[in-house]
Each structure stands twice: as structure tokens, then as C-alpha cells.
K.L.:
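Provided herewith is a single structure, encoded as C-alpha cells, for subsequent inquiry.
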Protein chains: 2
Amino acid sequence: MGVIETKKVRARRAVKPSAADVRALLPLGRILDGDCIEAMRSLPDNSIDCVFADPPYNLQLGGDLNRPDGSEVDAVTDHWDQFDSFRAYDEFTRAWLAEARRVLKPDGALWVIGSYHNIYRVGAILQDLGFWILNDIVWRKTNPMPNFKGTRFTNAHETLIWASQGEKARYHFNYRAMKTLNDELQMRSDWVLPICSGGERLKENGKKAHPTQKPEALLYRVLLATTEKGDVVLDPFFGTGTTGAVAKRLGREWIGCERETFYRGVAEKRIAKELPLDESALTTMQAKKSAPRVAFGSVVETGLIPAGSKVFDKKRRWTATVRADGSLDCGGQVGSIHGLGKELQGAPSCNGWTFWHYENGGEVKPVDAARDLYRLASED
Amino acid sequence: MGVIETKKVRARRAVKPSAADVRALLPLGRILDGDCIEAMRSLPDNSIDCVFADPPYNLQLGGDLNRPDGSEVDAVTDHWDQFDSFRAYDEFTRAWLAEARRVLKPDGALWVIGSYHNIYRVGAILQDLGFWILNDIVWRKTNPMPNFKGTRFTNAHETLIWASQGEKARYHFNYRAMKTLNDELQMRSDWVLPICSGGERLKENGKKAHPTQKPEALLYRVLLATTEKGDVVLDPFFGTGTTGAVAKRLGREWIGCERETFYRGVAEKRIAKELPLDESALTTMQAKKSAPRVAFGSVVETGLIPAGSKVFDKKRRWTATVRADGSLDCGGQVGSIHGLGKELQGAPSCNGWTFWHYENGGEVKPVDAARDLYRLASED
DNA sequence: GCCGTAAATGAATCCGTGA
DNA sequence: CTCACGGATTCATTTACGG
């Protein structure tokens with residue numbers, strides 16, 4: 001930054017409050033009344049970590065369709081025109097997605113769930129707005145409703161789109177937690193989960209409280225995968241509050257928008273009963289990269305792999321001498337554990353921690369094992 | 001229809017040739033050279049029963065990608081997949097979909113396959129053009145490429161859209177054949193199939209002939225579900241001709257468009273080798289049967305025991321022909337592997353999996369062995 | 001030829017941080 | 001903004017090869 005402050009720079013500084021200031025303005029743990037586009041307008045820019053949205057699917061639910069200017073769309077008649085209806089739905093979609101984009105932090109994430117009736121429109125529009133699709137996820141229902149007439153395939157899935165603010169955005173993904181959740185295999189883009197039923201299904205006077213209540217397992221996976229403890233999750237179509245309930249359980253903050261008084265009441269009661277998981281239950285498997293960084297030099301320094309000892313690759317094609325500063329020497333070729341491994345193999349890159357091995361008590365181990373020991377020893 | 005003929009009515013009649021006349025104009029069993037939009041322009045209106053399209057996905061790849069072992073991923077960087085912008089891709093999509101709509105019969109069907117990179121744009125545009133989505137189908141890959149950097153979910157599926165010409169169109173769906181193929185359960189919108197590899201994958205000079213060859217089992221299910229014997233199937237992005245090969249095998253007529261001379265050559269060679277299944281194998285279940293559940297259809301579909309092959313009991317008292325939907329035909333007597341075995345023996349029940357045998361490399365095995373192979377191949 | 005191990009490969013929008 | 005560099009990261013399946 002230069003010494004001279006232009007008006008522009010001052011202005012930018014003036015309107016950009018700190019993250020803590022912005023957070024203090026947020027109505028955490030509250031369900032905002034009214035149309036979600038209006039409600040989101042009351043939230044500050046760049047303040048939300050994750051938006052999860054379950055917008056209306058059905059083009060014939062005209063009551064859900066409002067133009068950005070607030071006027072109602074008259075789409076539902078027996079001879080409603082399909083193209084007018086799509087246009088109205090697109091306008092509505094563009095409006096709420098634009099607001100979601102504004103309130104999302106630059107590294108925040110958007111999730112939308114839909115079916116073939118609406119998801120292609122939603123997906124195209126969010127791409128047009130600049131969102132960058134990271135994955136689409138298929139929720140494969142174990143117990144879908146059959147196609148009673150036998151005229152089509154059983155519609156046994158719904159689609160979720162996961163998107164960042166843009167191609168370069170540094171979105172959040174708890175890779176390790178997902179892999180652990182999936183029995184030590186990478187979590188795939190198809191999720192097999194039952195529909196919401198039984199005790200989980202909210203009822204009022206014996207009737208289901210909401211026609212499209214989502215299973216908590218679905219939100220659980222979404223929030224565990226792409227948010228951190230303490231993150232703020234916004235659900236513009238809150239309904240009976242599945243997003244809020246799971247967010248609270250997982251130690252995330254939440255904000256909802258819902259214009260139906262009945263649903264707000266059901267959701268508030270529901271979330272009040274929810275208890276957050278305790279700290280230890282919330283702890284997930286951490287990626288190595290988020291563990292404290294350890295230089296190979298430290299491992300040498302502490303004598304776990306002393307200077308002067310030999311390291312070698314698994315097949316013993318190369319052997320190198322450890323030098324006092326943590327660099328390696330292989331017949332005159334010198335470099336870091338990573339750089340030298342890369343050079344010797346002629347590879348595009350090399351993780352020296354797993355490439356090089358050392359002998360300890362007659363046992364051959366990757367030098368990564370020594371790093372683990374170092375981390376254990378320096379943990380307080 | 002009124003009695004008075006307006007000019008308009010006469011004109012319409014004059015340019016509307018009979019179905020047989022139109023069909024006579026079609027280049028059946030030929031691959032049209034050049035751009036698919038141009039090529040489709042040479043086809044008459046309302047002449048095609050089914051369009052299957054595997055358009056470019058418009059992948060927007062960054063630099064090189066290396067596996068953890070250092071090897072390089074062979075990416076799809078072909079010129080035909082490059083577009084300058086979403087706008088350019090949309091224009092292209094609108095153009096070919098409009099031509100497809102024109103050549104399709106009023107009750108014809110459209111299938112398009114894609115990934116999250118392009119499918120939302122394709123889906124929205126085809127809705128804008130008036131197509132009516134009947135289902136979206138998820139092809140869940142048993143063996144997708146992993147996400148090597150651990151940055152996202154493993155992209156383990158692709159999406160197919162099945163659409164009719166409009167809401168009121170009387171499209172074709174072989175419900176019973178699908179149900180038979182799926183263990184006497186309604187066929188769902190998620191299909192579990194392996195990617196195309198091994199002997200099915202076409203190679204030239206030891207290298208894969210086409211970067212995105214689709215598995216035949218996928219086309220098999222598409223064509224069996226939504227076309228009849230003798231129907232005309234058009235594939236505007238013919239590539240190495242999977243659609244043509246499966247169409248020929250299933251007794252459907254086909255037309256392809258392909259602008260790459262190399263792909264056309266590979267496809268022609270491939271389809272020439274293909275043999276149509278015989279009449280009995282092609283006859284699918286028409287009548288509802290009260291047979292026990294059978295998963296035999298999957299074994300047939302994947303080619304472990306291909307339609308048209310013979311199965312027999314251990315003592316070779318009876319021999320039956322396997323039909324496309326997984327039912328058996330023994331001299332006109334037809335049924336599931338269990339039901340027919342029971343009938344022939346006059347037994348109170350029969351486990352078809354152990355009763356029927358097939359020959360594989362000179363070895364006789366119970367068909368249960370093929371089911372084991374299928375399970376291995378499809379995980380679950 | 002058979003068996004066990006190693007190498008190859010598939011529509012992929014595939015790193016993060018600090019200077 | 002770029003550049004440098006530390007270092008994190010893979011599943012199912014087929015084919016090739018060595019003994």
C-alpha cells in the first residue's frame with residue numbers, strides 16, 4: 001500500500017468493518033419473517049459462511065413466486081403458459097441467488113437442492129451469476145415413492161449443487177472428515193440416505209407439518225463437509241428448520257428465513273429441543289495440512305533422525321546423508337527432503353516425508369513417523 | 001377437423017408425406033460427415049424415434065494433474081471440447097437441440113448425457129425449447145477416477161436427461177421390460193454401471209480410440225427402455241459409435257453424425273462386426289408374471305451372460321435362450337430363470353441361479369457364478 | 001500355463017502460503 | 001499480482017510381467 005491515501009482507498013476502508021463487527025450485526029439463531037429476498041437484504045455483505053437452500057420446486061405453487069419487485073406472478077391456472085412460468089421462476093431464482101451471493105463471504109459456499117423440475121434452471125443461473133460449481137451431489141433415496149402409473153422410471157433421487165463464489169475462491173472442504181465418515185474411502189458424489197420419516201418426521205395434529213422435510217442426515221453431511229464449528233449457516237427457505245436443528249447440534253450458528261408463520265412456530269419448538277454435541281463428539285479427523293507444521297530440520301535438531309544418519313527410498317535405489325541443517329546429500333546432489341526426492345525421480349513433485357525412510361531399532365519407517373513422534377513430544 | 005379446406009390445410013397436407021415415404025429418405029445405418037447441426041439439416045422433419053446425444057461437456061481444465069504416484073492424468077483436452085464462454089456453449093447447444101427437435105417425431109424421445117459442467121445449461125435450454133423432462137437419470141459409476149488432491153467429493157456420476165417433445169406427447173416407455181431387467185422392482189432413476197474399460201474399450205495402436213467412450217450397458221438400457229424394434233435412433237455426436245453398435249444389436253435402425261474422420265472409421269469397423277440378436281432374444285416380457293424376484297437382468301445387461309446366449313440345466317435336458325430383459329425362452333415357454341426352471345421340472349419351486357448353467361471359455365458354470373462376478377464388478 | 005505382484009488408467013473444472 | 005517452495009494426495013479394475 002502506498003503512502004498517499006486516495007479518496008477511494010479511504011472510502012473502501014470506511015465501509016469495510018472488521019469480521020467481528022459484521023458478525024455482531026447478524027441475527028444469529030433467529031428465523032427472519034417474510035420473503036427471503038427481503039429478509040436477506042437486511043443482512044450485511046460478506047457475512048455468511050454457508051448458504052443452504054431448498055427452494056420451491058414446483059412451478060405450479062404460484063404462491064411461492066414473487067417477482068423481485070414484490071409483485072406476484074399469476075402463473076397458476078389450468079392453462080398456464082409453461083414459458084411464462086419458467087421465466088417467472090428464473091426471475092425469482094436469479095433474485096434470491098444474487099442476494100445469497102452478496103451476503104456470502106468470498107470463501108463461503110452455496111448449497112442448493114432440487115429435482116429435475118427446477119435444478120437445471122437453478123444450476124444455469126448460478127453459473128451465470130459467477131458461482132463456480134464444485135460438485136453436484138446425488139441424494140439417492142433408499143425408499144423413494146414408486147411411480148404408481150408405471151409410466152416412467154421411479155424418481156429415486158434429488159440433486160444438490162455445491163458451489164463457491166468463483167473459480168479462484170478458497171472454499172472449505174473437510175476432506176479427512178468425509179473420508180473417515182465413509183469408512184476410509186473418499187466420499188463420493190452419490191449419497192445413499194433414507195427419506196425423512198418415522199420419528200424424525202415432524203407432525204402437527206397427526207398430519208405431516210411440512211410436505212418436503214429433508215432428512216437430518218443430509219444436512220449433517222453437508223455441514224460437516226463444508227463448514228467449521230462456529231461458522232454461520234443461512235437457510236433462505238427454512239421451513240421446519242432442519243438446517244437450524246443440525247447446525248445447532250454441530251456447533252454451527254444459523255439464520256433462517258421463512259414467511260409461513262406456521263412453519264416458523266414448528267421450527268422454533270424443534271430447535272429449542274435440540275442439544276449441541278459436546279466438544280469431543282464434534283472433533284473430526286484433521287488433515288495433515290491443518291496439523292502444526294514441522295520442518296525436517298526440527299526432527300534432525302531433536303535427534304530423532306540425527307545429522308549424519310542415512311535415509312533412503314523404499315526400494316533403496318537412492319541413499320542420502322542427513323546434514324545438520326536438515327538438507328540431504330546424495331552423492332553430491334543436495335536439497336531438501338522434497339526437492340531432492342523430486343530431482344532424483346525426475347518427478348513433478350515429491351512428498352519427502354513419505355518418500356524417504358530411516359532405520360530405527362532394525363525397523364524401516366518413513367521419516368513421517370519421526371515427524372509424528374516430534375508432534376507428540378511437543379504437544380502440551 | 002372442419003369440412004372446409006383452407007389454403008393452409010391443403011398446404012400442410014401437400015408437404016406432409018407418409019411415414020413410409022419419410023423413412024425411405026433416411027440414411028439408415030450411415031454416419032453423416034461434418035458438423036452435426038449441418039448434418040441434421042439434411043434429415044426430414046418428424047422422422048426420428050429417438051435422439052441420443054453425448055455432446056461435448058465443455059470441461060474447463062486448468063493445468064496438468066498428477067496422481068499421488070506422480071503419473072499424469074490423461075485429460076480431455078481435445079479441440080472439440082473447447083468453447084470460449086458459456087454464451088458460446090449455450091448458442092451451440094440451442095442450435096443442435098433445435099435441430100434434434102425438428103427431426104424428432106411428435107412422440108419421439110430425446111436423451112442427453114452430461115456432467116455438472118454442462119448439464120444444467122443443456123437442461124435449461126431444452127426446457128426453454130419446449131422439451132418436457134420425463135426423468136433425469138444418474139449413472140452411478142462403480143469405478144470412477146478418484147479425486148487425487150483431496151479437494152472435492154469423488155465425481156462418481158454422470159447425468160442423463162430423458163425428455164419428450166412436450167407435456168402431452170405420448171412417449172414410449174417399456175415399463176415391463178425395465179421391471180423385468182431390475183429384479184421385478186421398478187427401474188429407478190439411478191443406474192449403477194461400471195465405466196467402459198477392458199475389452200470393450202476401443203483401442204488404436206495401443207491407445208484409446210476415443211477419450212470418452214460410453215459403456216454399451218448404458219445405451220442398452222436407454223434403447224431397451226424407450227425404443228421399439230425397428231425404431232430409428234439418431235446420435236448427433238456419434239464418436240466411435242456405441243449408440244450404433246447397441247442399436248444394431250437390439251434390432252434398431254441408427255443414424256450418426258460425426259465430423260472427425262478418425263472416429264468415423266473406428267465406428268464403421270466396430271459396427272460392421274456387431275451382430276443383431278435373434279428374434280427370441282429381442283422379445284421382451286409383455287405379460288405380468290407372478291414370478292419371484294430376479295436380479296438376472298443386470299447380469300445380462302453387463303454382458304456376463306449376454307442376451308441371445310444359451311443356458312441349460314446340468315444334465316442338459318433343457319436349453320433356453322436368454323432374452324434382452326433377462327427372461328428365458330425354452331421352445332416357446334417363457335419365464336424368469338426361477339419360474340421357467342420350476343415349470344420345466346414340474347417342481348414346486350426352483351432356484352434358477354443354481355439350476356441354469358452357461359458355458360464360458362469351455363467351462364460349464366451355474367449362472368450364480370456370473371452373479372458373483374457382477375457383484376464383484378458393481379460393489380454394493 | 002498359472003499365480004502373485006506391479007504398473008497402468010479412467011469426461012478432472014484437483015494446493016496453500018508467504019515473500 | 002506472480003513466483004517459489006513445502007508438502008498433501010487415489011479407487012477399482014485391467015493388463016503386464018516375472019517366477
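Keep in mind that the numbers below use all heavy atoms, side chains included, and drop hydrogens, waters and symmetry copies. Chain A is the first sequence line, chain B the second, and so forth, proteins listed ahead of strands; every chain is numbered from 1.
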K.L.:
Under 3.5 Å between N/O atoms: give me all the protein pairs with nucleotides 17-19 of chain D, atom names plus distance.
P.N.:
none

K.L.:
Collect all protein-nucleotide pairs involving nucleotides 2-8 of chain D in which both atoms are nitrogen or oxygen and the distance is under 3.5 Å.
P.N.:
unit_1 : atom_1 : unit_2 : atom_2 : d
D:dG6  : OP2    : A:S336 : OG     : 3.3
D:dG7  : OP1    : A:V294 : O      : 3.4
D:dG7  : OP2    : A:H338 : NE2    : 2.6
D:dA8  : OP1    : A:R371 : NH1    : 3.3
D:dA8  : OP2    : A:R371 : NH1    : 3.4
D:dA8  : OP2    : A:R371 : NH2    : 2.5
D:dA8  : N6     : A:S349 : OG     : 3.1

K.L.:
With sequence neighbours excluded, tell me which residues meet ring-ring contact (aromatic ring centres under 6.0 Å, His included) with A:F296.
P.N.:
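ring-ring contact (aromatic ring centres under 6.0 Å, His included) list for A:F296, sorted by chain: A:W353.
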K.L.:
Taking ring-ring contact (aromatic ring centres under 6.0 Å, His included) as the test, write out the residues that go with B:F148, two or more places apart.
P.N.:
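B:F148 satisfies ring-ring contact (aromatic ring centres under 6.0 Å, His included) with no other residue.
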K.L.:
Could you tell me if A:R323 and A:S327 have a donor-acceptor pair between their side chains, going purely by distance under 3.5 Å?
P.N.:
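Checked: A:S327/A:R323 side chains pair up, N/O donor to acceptor below 3.5 Å.
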K.L.:
Dot-bracket for DNA chain D, please, read 5' to 3', with Watson-Crick or G-U wobble pairs under 3.5 Å on both distances, ( ) within the strand, [ ] crossing, | other strand, . unpaired.
P.N.:
.|||||....|||||||||
K.L.:
Under the rule for ring-ring contact (aromatic ring centres under 6.0 Å, His included), what residues qualify as partners of A:Y171, not counting sequence neighbours?
P.N.:
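For A:Y171, the residues satisfying ring-ring contact (aromatic ring centres under 6.0 Å, His included) (neighbours in sequence not counted) are A:W162.
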K.L.:
Run the side chain to side chain donor-acceptor pair (under 3.5 Å) test against B:S85 and tell me which residues pass, sequence neighbours left out.
P.N.:
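So B:S85 forms no side chain to side chain donor-acceptor pair (under 3.5 Å) with any residue.
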K.L.:
Check ring-ring contact (aromatic ring centres under 6.0 Å, His included) between B:H210 and all other residues, then give those that pass, not counting sequence neighbours.
P.N.:
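Listed in chain order: B:W80, B:Y263.
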K.L.:
Of all nucleotides in DNA chain C with an atom under 4.0 Å from a non-hydrogen atom of chain B, which is the first and which the last going 5' to 3'?
P.N.:
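Listed 5' to 3', the contact boundaries are C:dT9 to C:dC15.
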K.L.:
In whole Å, measure the gap between the P atoms of D:dG6 and C:dC14 for me.
P.N.:
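Per the computed distance, 24 Å lies between those P atoms.
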K.L.:
Between B:E158 and B:K141 (salt bridge meaning N to carboxylate O under 4.0 Å), is one present in this structure?
P.N.:
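Yes, B:E158 and B:K141 are salt-bridged.
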K.L.:
In terms of side-chain heavy atoms, does B:H117 have a donor or acceptor partner in B:Q60 at a distance below 3.5 Å?
P.N.:
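Absent: no donor and acceptor within the cut-off.
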K.L.:
Holding to side-chain contact (heavy atoms from CB on, under 4.5 Å), I want the full list of residues that pass it with A:T319, two or more places apart in sequence or in another chain.
P.N.:
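In terms of side-chain contact (heavy atoms from CB on, under 4.5 Å), with neighbours along the sequence ignored, A:T319 is linked to A:K310, A:F312.
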K.L.:
For the pair made of CG in A:N182 and P in D:dT10, what is the distance, rounded to whole Å?
P.N.:
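Roughly 13 Å, once rounded to whole Å.
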K.L.:
Applying salt bridge (Lys or Arg N to Asp or Glu O under 4.0 Å), can you list everything that pairs with A:K179, at least two apart in sequence or on another chain?
P.N.:
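With neighbours one apart ignored, the set is empty.
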K.L.:
Of all residues at least two apart in sequence or in a different chain, which pass the side chain to side chain donor-acceptor pair (under 3.5 Å) check with B:D35?
P.N.:
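B:D35: no side chain to side chain donor-acceptor pair (under 3.5 Å) contacts found.
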K.L.:
Would you say the side-chain atoms of A:R371 and A:S298 include a donor-acceptor pair closer than 3.5 Å?
P.N.:
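Their side chains do not contain a donor-acceptor pair, so the 3.5 Å distance test is not met.
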